[in-house]
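Quick notes on the structure that follows.
If you're wondering where the values come from, they're calculated on a predicted model, not measured in any experiment. As a basis for the values below, the full set of heavy atoms in this structure was taken, side chains included, without hydrogen atoms, waters or symmetry mates. Proteins get letters first, then strands, A, B, ... in listed order; numbering begins at 1 in each.
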Protein chains: 2
Amino acid sequence: MDEIKNKLFEKGLKITPQRLIILEAIYNISHPTADDLIKYIRKKHSNIAIGTVYKVLEKFIEVGLIKKITTEKDIVRYDGYMNNHHHFYSSDSTVIKDYIDEDLDKILEEYFKNKRINNFNIEEITLQIKGKFKK
Amino acid sequence: MDEIKNKLFEKGLKITPQRLIILEAIYNISHPTADDLIKYIRKKHSNIAIGTVYKVLEKFIEVGLIKKITTEKDIVRYDGYMNNHHHFYSSDSTVIKDYIDEDLDKILEEYFKNKRINNFNIEEITLQIKGKFKK
DNA sequence: GTGGTTGCAAACCCTTTGCACGGCA
DNA sequence: TGCCGTGCAAAGGGTTTGCAACCAC
């Protein structure tokens with residue numbers, strides 16, 4: 001729990017029970033929706049206001065603690081893993097898996113450097129890889 | 001307008017004025033939201049019900065005439081260009097631009113073939129390229 | 001003729017907002 | 001103590017739904 005406190009501290013955020021539990025929840029649930037977080041927190045701890053959850057998430061995004069990710073299925077999810085990474089999206093369920101591949105990142109960087117897209121400054125490239133998980 | 005009729009016919013859909021105008025609108029607006037479509041149609045023609053627009057779009061997606069695309073900014077947009085392609089997302093506006101690059105598609109296909117991701121069947125790879133358009 | 005399609009309005013769901021109270025620094 | 005964070009409930013905005021009337025085939 002102390003490393004979670006540190007993360008808040010490093011970003012200059014006040015440490016509150018709500019922020020601690022929300023950040024912990026983000027790290028413990030894979031790509032949660034706001035609703036996933038609320039349920040998780042209400043199960044473990046006492047109550048939390050829905051508005052608070054949204055406000056805290058917004059603040060976390062603002063300071064760069066988490067990211068929003070968007071899926072085909074319209075519901076916003078949150079991701080606490082901040083290094084560059086891609087996502088596998090299941091085409092027959094709501095499952096999302098992270099895909100980390102620094103070799104690929106380098107290939108893409110190189111590719112676009114040579115390509116010289118001259119009216120666009122690339123900041124970030126993310127792959128959405130759709131398909132089916134094998135069982 | 002006849003090629004639009006053909007597209008509906010090929011997919012086995014009944015040809016109605018609403019479907020014709022919605023599909024035409026999708027081809028004439030870049031990555032429209034549902035609301036963009038409604039406004040476009042109401043400007044050109046007579047009225048159209050909001051519910052109808054959503055139902056028609058859902059049907060088009062079902063038969064593979066269009067795709068949904070999702071952005072950071074939570075609003076669903078529609079895309080009538082069905083060949084594989086990627087998107088540039090402006091990080092300081094809502095502009096989206098298509099990016100077609102068959103060489104890149106081949107490189108990625110090859111890359112993942114060699115990678116042998118063995119618990120996932122890849123169906124489609126889409127790049128989200130975030131950055132800023134130069135003026 | 002008849003099943004699919006449309007219009008309309010109400011319902012829904014997720015998210016945002018305003019404000020008074022409460023608690024961290 | 002002062003200001004930021006929280007809870008609550010109401011409002012907002014986009015999307016979905018149910019049903020009667022309508023129309024393409």
Side-chain angles (χ1 to χ4, degrees), chain A residues 1-2 4-23 25-26 31-42 45-63 65-78 94, chain B residues 1-2 4-23 25-26 31-42 45-63 65-78 94:
Chain A
M1 202 57 154
D2 272 346
I4 293 182
K5 274 190 188 165
N6 277 336
K7 284 190 180 269
L8 294 176
F9 181 76
E10 282 165 15
K11 297 294 183 180
L13 297 181
K14 276 191 190 171
I15 291 158
T16 69
Q18 290 84 350
R19 285 178 175 171
L20 287 171
I21 183 70
I22 290 172
L23 194 50
I26 289 170
H31 307 100
T33 62
D35 195 54
D36 292 336
L37 294 169
I38 291 161
K39 282 185 184 136
Y40 176 94
I41 292 165
R42 291 194 171 161
H45 278 239
S46 53
N47 203 14
I48 192 166
I50 293 169
T52 301
V53 173
Y54 283 104
K55 283 171 194 163
V56 168
L57 290 169
E58 205 49 47
K59 182 63 83 176
F60 285 177
I61 291 166
E62 195 185 312
V63 300
L65 265 177
I66 64 171
K67 278 185 190 174
K68 269 190 188 180
I69 57 178
T70 45
T71 77
E72 297 284 283
K73 299 180 180 96
D74 308 355
I75 296 175
V76 177
R77 291 168 179 274
Y78 300 89
T94 58
Chain B
M1 201 61 153
D2 272 347
I4 292 182
K5 274 191 187 165
N6 277 337
K7 286 191 178 267
L8 294 176
F9 181 78
E10 283 165 14
K11 299 292 184 179
L13 296 181
K14 279 191 187 171
I15 291 157
T16 69
Q18 290 83 350
R19 284 177 175 170
L20 288 171
I21 182 70
I22 290 172
L23 194 50
I26 289 170
H31 309 100
T33 62
D35 195 55
D36 291 336
L37 294 169
I38 292 163
K39 282 185 183 136
Y40 176 95
I41 292 165
R42 291 194 172 160
H45 280 238
S46 53
N47 202 14
I48 191 165
I50 293 168
T52 301
V53 172
Y54 282 105
K55 282 171 193 163
V56 168
L57 290 170
E58 205 49 48
K59 181 64 85 180
F60 284 177
I61 291 165
E62 194 186 312
V63 301
L65 263 178
I66 64 171
K67 280 186 189 173
K68 268 189 188 179
I69 57 177
T70 46
T71 76
E72 298 282 284
K73 302 185 178 89
D74 308 359
I75 295 175
V76 177
R77 290 168 178 273
Y78 300 89
T94 58

Distance, rounded to the nearest Å, where [X] contributes [atom1] and [N] contributes [atom2]:
X: A/Lys68; N: C/dC14; atom1: NZ; atom2: P; answer: 15 Å
X: B/Ile50; N: D/dG14; atom1: CD1; atom2: P; answer: 10 Å
X: B/Ile21; N: C/dT5; atom1: CD1; atom2: P; answer: 18 Å
X: A/Arg19; N: D/dG7; atom1: CZ; atom2: P; answer: 12 Å
X: A/Ile48; N: C/dT15; atom1: CD1; atom2: C1'; answer: 15 Å

Phosphate OP1/OP2 of [N]: any [X] side-chain N/O under 4.0 Å:
X: B/Tyr54; N: D/dT15; value: yes
X: B/Asn47; N: C/dT6; value: no
X: A/Gln18; N: C/dG23; value: no

Handout entry: Pairing string, 5' to 3', for DNA chain C - Watson-Crick or wobble contacts under 3.5 Å, brackets [ ] where pairs cross, | to another strand
Key = |||||||||||||||||||||||||
Handout entry: Polar side-chain atom of B/Arg77 near backbone of B/Lys68 as donor-acceptor pair, under 3.5 Å
Key =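 Side chain of B/Arg77 to backbone of B/Lys68: no pair is present.
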Completion exercise
Its contact letters, B for base, S for sugar-phosphate only and - for none at protein heavy atoms under 4.0 Å, make nucleotides 19-25 of chain D read B----BS
Distances for protein N or O near nucleotides 11-13 of chain D N or O, under 3.5 Å:
none

